[in-house]
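Just below is one structure, and these are the notes that go with it.
Keep in mind it's a predicted model, so treat the numbers as computed, not measured.
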Amino acid sequence: MARHLITSALPYINGIKHLGNMVGSMLPADVYSRYLRQRGHEVLYICATDEHGTPAELAAKERGLPVDEFCAQAHDAQKAVYDGFALAFDYFGRSSSAENRDITQHFARKLNENGFIEERAIRQVYSPADGRFLPDRYVEGTCPHCGYDKARGDQCENCTRVLDPTDLIEPRSAISGSTDLEVRETKHLFLLQSKLQHEVEEWVARHEQDWPQLASSIARKWLTEGLHDRAITRDLDWGVPVPADTWPELAAEGKVFYVWFDAPIEYIGATKEWADQDAENRDWKSWWYEADDTVRYTQFMAKDNVPFHTVMFPATELGVREPWKKVDYVKAFNWLTYYGGKFSTSQKRGVFTDQALDILPADYWRYFLIANAPESDDSSFTWEHFTATVNKDLADTLGNFVNRVLSFSRKRFGDEVPAGGEPGEAETRLGEEIAGLLAEYENQMEALQFRKAASALRALWSAGNSYLEEKAPWLEIKTDKDAAALTLRTAMNLIHLYAVVSEPFIPSSAAAMRAAFTLPDDTATWITPEEARGLTTLQPGIPFTVPPVLFAKLTDEDLETYKERFGGQPA
C-alpha cells in the first residue's frame, strides 16, 4: 500500500477557529486520512499551530501575556477543540518549535548559498510613538480597493487583495493607534522569486492538470501576473531569528523570518517533532527527503492559502536545491459563509468550533460540514439548513433505521441476531445496490470529492430504509416469522456495514453502532463492494444491544434558540 503524507493549513494561533476554518482544511483532511487508514494505507497526518507573525504579538499584548506564554496556552486550547472534533492527527505541533527554527534557518542558508536571497534596503513605516518599525500587520487603515476601514498592511480581510502598508489610506499603528507615522530606511532579506519563476511554472505545469480547478487557476493567475521578489524578514520580537552566522548585522537588529516563510516549513518541522518523540522508531526524513517515488503528499486548505502553497513554498523548496518532497495534490476549498456573510475570527461573526461543541456532539457538525463542503463554490451555513440536514439525514435516515431495527428485533427475537430463512430476491437486489453505492462512495473518496462522497454515503443509509419498508418485518412477523427474522438479520448486517464505512465522517456514532454487536473477532477495517453483496458478516446467534439514540432530532424551539444566540443573519 502507498504511503500518504497529509497536511492541512496551519490554524493561526490567535483564537479559536470558526466552522469555515474547520471545513476548509482540517476536517476534510481528517476524513480522508481516516478513509486511507481504513483501506490499509500508511498515513501520516500532520498539522500545527501557526504561532509567528504580528497577530500573535497583538493577541498576547491584548491578553497581557508574554507572547510565548500566550502561544502555549492558545495551542493547548485549540488542540482541545480539535480533540473534541475527533481530528485524528498523527501529530499536532507548533511552528515555534526548535525543529522548525532549525529547518527554517537551514532553508534560508541554502537559498542564500544558491543566490536566491538578497539583502536590500527598503523604506518601511516607523512609528515614533511606539519607537519601532511596524511590520505589515501592525499598520491598519482603509483599503484603497474596497474601502474597508480595518484593512491590514499585508492584506485586506474584506476583499482579500494583497497590500503594502503604504497602500493604505489614513494608516495607523495597530499597537498605539497613532497616525503619526514615518517612512524610514531599513534592511531586510528578500527571496528572489523572480529568478525561480520559470522553474515554478514548469513544476506547476506538471501537476496542475491533477489539481481541482480552484487550486490550479489561482496558481496560474499568480504566475501569469509574474512572481515578485518578496521580503522574508520582519521587525518583530517573536519568530524564527535570522541566523547570526549568515547575517550578523540583521541578527543583531533582531530581525525574524516572515511568518509565511517559516509556516509551510513547519509541515516538515512538525514531522520532525513527531519523530523526535520516538526517535528509535520514527524516521521523519523518509517522508520528506528523496521521497518523490515513495510518498503521495496531499495538502488541504482554503483558497486564500493556495498562492503560498502552490507558488511561494514550492519556489522555496526548488531554490534550496535539495530533494525535499513537494505537494502532489492540492485540495482547495472555497468559503463557507454564515448566512451569506463571511465568518470572521477578528469580527467574532459566525459559529466558532468551541461553541459548536457546546451545542451538539462533533458528529453532527462533521457530517453537516462535509456534506456541504464549499468545493465547487462558496456554500452558506444557516441554522435552517443545519437543522433540516441533521433531522433528515442523521436522525431519520440513519439513526431511526438503527434504532427501529434493533429495538424491534430485541422485542420479537431477543438479544441475539435472529436466524430466519435463506436470502431471496429482495436480498440479492439489496446486495447489488449496496455494492454499487459502496463502489461509488469509494470512487468519490479516492477523488477527494467530499460532497459527492457524502451523497453516496447518504444513499447507502437510504437503501437500508427502502429495504425495510419493502419487506415490512412488522407485517411479515404476523404470517412468516422466519421471513421477518431474515429481514432483521439482513438489516443488522447493514448496520454493521454502516458502522465500518461511515467512520471517516461520524467516528463516534460509527463506534457506537459497531459496539452494538458482540462479534468475537471484528477486525474488519473496511468492507469492499464484493464483500458487501452477501451482507453476511453477522451470523445468527451473535449478541447485540440497542445503543442510545445516535442523533436527536432538532426541534423548532432548538432552531429559534440557536438563531437567538448567534443571529439568523450576519452582523
Between [atom1] on residue [X] and [atom2] on residue [Y], distance to nearest 0.5 Å:
{"X": "Thr294", "Y": "Arg3", "atom1": "OG1", "atom2": "CZ", "answer": "5.5 Å"}
{"X": "Asp292", "Y": "Asp328", "atom1": "CG", "atom2": "CG", "answer": "7.5 Å"}
{"X": "Ile175", "Y": "Glu140", "atom1": "CD1", "atom2": "CD", "answer": "10.5 Å"}

Does [X] make a cation-pi contact with [Y], if we ask for NZ or CZ under 6.0 Å from the ring centre and within 45° of the axis?
{"X": "Lys331", "Y": "Phe333", "result": "yes"}
{"X": "Arg63", "Y": "Phe70", "result": "no"}
{"X": "Lys285", "Y": "Tyr289", "result": "yes"}
{"X": "Lys325", "Y": "Trp287", "result": "no"}

> For Ser96, which residues count as a side-chain contact (heavy atoms from CB on, under 4.5 Å) partner, sequence neighbours excluded?
Replying inline: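 Result, side-chain contact (heavy atoms from CB on, under 4.5 Å) vs Ser96: Glu51, His52, Arg94, Trp238.
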> How would you list, by chain and number, every residue that makes a side-chain contact (heavy atoms from CB on, under 4.5 Å) with Ser97, sequence neighbours excluded?
Replying inline: Glu99, Asn100, Glu266, Glu273
> Do Lys187 and Glu249 have side-chain heavy atoms sitting under 4.5 Å apart?
Replying inline: yes
Are there over 12 heavy-atom neighbours, none belonging to [X], within less than 6.0 Å of that residue's [atom1]?
{"X": "His145", "atom1": "NE2", "answer": "yes"}
{"X": "Lys303", "atom1": "NZ", "answer": "yes"}
{"X": "Gln277", "atom1": "CD", "answer": "yes"}

Quick one: side chains of residues 159-166, donor-acceptor pairs under 3.5 Å with protein atoms, not counting sequence neighbours, listed by atom name and distance.
unit_1	atom_1	unit_2	atom_2	d
Asp164	OD1	Thr166	N	3.0
Asp164	OD1	Thr166	OG1	2.6

>> Evaluate Glu157 against Lys150 for salt bridge (Lys or Arg N to Asp or Glu O under 4.0 Å), listing each step before the verdict.
In response: CA-CA 8 Å; Glu157 184 185 51; Lys150 296 182 179 63; over 6 Å; no
> With sequence neighbours excluded, what pairs up with Asp167 under the salt bridge (Lys or Arg N to Asp or Glu O under 4.0 Å) test?
Replying inline: none
> Among all residues two or more places apart in sequence or in another chain, which pass the salt bridge (Lys or Arg N to Asp or Glu O under 4.0 Å) test with Asp68?
Replying inline: none
> Mind checking whether His309 and Trp260 have parallel, tilted or perpendicular rings, split at 30° and 60°?
Replying inline: perpendicular
>> Parallel, tilted or perpendicular, judged at 30° and 60°: which one describes the rings of Tyr45 and Phe89?
In response: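 Plane angle between 30° and 60°, so tilted.
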> Counting N and O atoms only, with roles assigned by atom type, does the side chain of Thr353 sit under 3.5 Å from a partner on the main chain of Lys17, one being a donor and the other an acceptor?
Replying inline: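 Yes; at least one donor-acceptor contact below 3.5 Å.
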> With no hydrogens and no angle check, is any side-chain donor or acceptor of Gln105 less than 3.5 Å from a backbone partner on Pro241?
Replying inline: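 Yes; at least one donor-acceptor contact below 3.5 Å.
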>> With side-chain contact (heavy atoms from CB on, under 4.5 Å) as the test, pick out the partner of Leu44 among Thr7, Thr271, Ile6.
In response: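 Of all the options given, the one that passes is Thr271.
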> With Val306, which of Val311, Ile218, Leu214 fulfils side-chain contact (heavy atoms from CB on, under 4.5 Å)?
Replying inline: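 Of the listed residues Val311, Ile218, Leu214, the side-chain contact (heavy atoms from CB on, under 4.5 Å) partner of Val306 is Ile218.
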> In this structure, which one of Arg37, Arg39, Gln38 forms a side-chain hydrogen bond (donor to acceptor under 3.5 Å, both in side chains) with Tyr35?
Replying inline: Arg39
>> If the condition is side-chain hydrogen bond (donor to acceptor under 3.5 Å, both in side chains), which residues does Trp324 pass it with, not counting sequence neighbours?
In response: Glu322
> Going by atom types alone, do Glu57 and Tyr138 pair a side-chain donor with an acceptor below 3.5 Å?
Replying inline: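 A donor-acceptor contact under 3.5 Å links the two side chains.
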> Should Tyr258 and Arg230 be marked as a side chain to side chain donor-acceptor pair (under 3.5 Å) after you check the CA-CA gap, both sets of side-chain angles, and the distance that decides it?
Replying inline: CA-CA 10 Å; Tyr258 175 41; Arg230 185 158 197 161; 3.3 Å; yes
